[in-house]
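Accompanying notes for the structure given below.
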Amino acid sequence: MVAAVYVYLLLLIGAVLFFVLHFVSQWRFSSLLKKRYPDHWKTITEADTGRPNGMANWLRVRRVLRSDAPALFNDADLNRWQAWWRRTPWLAWPCWFAAMAIQWWAMKQG
């Protein structure tokens, strides 16, 4: 039973860390894009309204991250952060579901 608790905690911590890394990778991608390619950043942030908007910028950056456009920059750092952004949910959700399955199993044991 003690081993199950350790596995549960490791899976739970892993899931939380992967979810946090998902947001950190988007932030890091945005900051690198803003610093290295300010003209492209301006195109993303001022696309519709002509002025920056926090939530709209966040959604536009997510759209850029989902596309293959960052590969056109030939920037290894941008590609690495985009890859982390794409992979971390695929790592986080299985950890989360496995931890919840262990919790359900433990509650059934009584």
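The chain is numbered in sequence order, starting from 1. All values derive from a computational prediction rather than experimental measurement.
- The stretch residues 9-19 participates, sequence neighbours left out, in no salt bridge (Lys or Arg N to Asp or Glu O under 4.0 Å) pair at all.
- Judged as a side chain to side chain contact (heavy atoms under 4.5 Å, CB included), and not counting sequence neighbours, the contacts of Ala98 are Leu11.
- For Arg80 and Trp84, the positive end is not near the middle of the six-membered ring at less than 6.0 Å and at most 45° from its axis.
- Remark: Ser67 engages no residue in a side chain to side chain donor-acceptor pair (under 3.5 Å) (not counting sequence neighbours).
- Using a 4.5 Å cut-off between side-chain heavy atoms of Ile, Leu, Val, Met, Phe, Trp and Tyr, Ile13 falls into a hydrophobic cluster with Leu17.
- Under the salt bridge (Lys or Arg N to Asp or Glu O under 4.0 Å) criterion, Arg36 pairs with Asp75, Asp77, not counting sequence neighbours.
- Pro89 meets the side chain to side chain contact (heavy atoms under 4.5 Å, CB included) test with His22, Trp93; sequence neighbours excluded.
- Here salt bridge (Lys or Arg N to Asp or Glu O under 4.0 Å) pairs that include residues 85-102, with residues two or more places apart or in two chains, are Asp68-Arg86.
- Applying the side-chain hydrogen bond (donor to acceptor under 3.5 Å, both in side chains) test to every pair with at least one member in residues 94-110, sequence neighbours left out, gives no pairs at all.
- Among residues two or more places apart in sequence or in another chain, the side chain to side chain contact (heavy atoms under 4.5 Å, CB included) test is passed with Trp27 by none.
- With sequence neighbours left out, the side chain to side chain contact (heavy atoms under 4.5 Å, CB included) criterion links Ala101 to no other residue.
- Annotation: ring-ring contact (aromatic ring centres under 6.0 Å, His included) contacts of Tyr37 (sequence neighbours excluded): Phe73.
- Counting Ile, Leu, Val, Met, Phe, Trp and Tyr side chains that sit under 4.5 Å apart, directly or through other members, Val20 shares a hydrophobic cluster with Val16, Val24.
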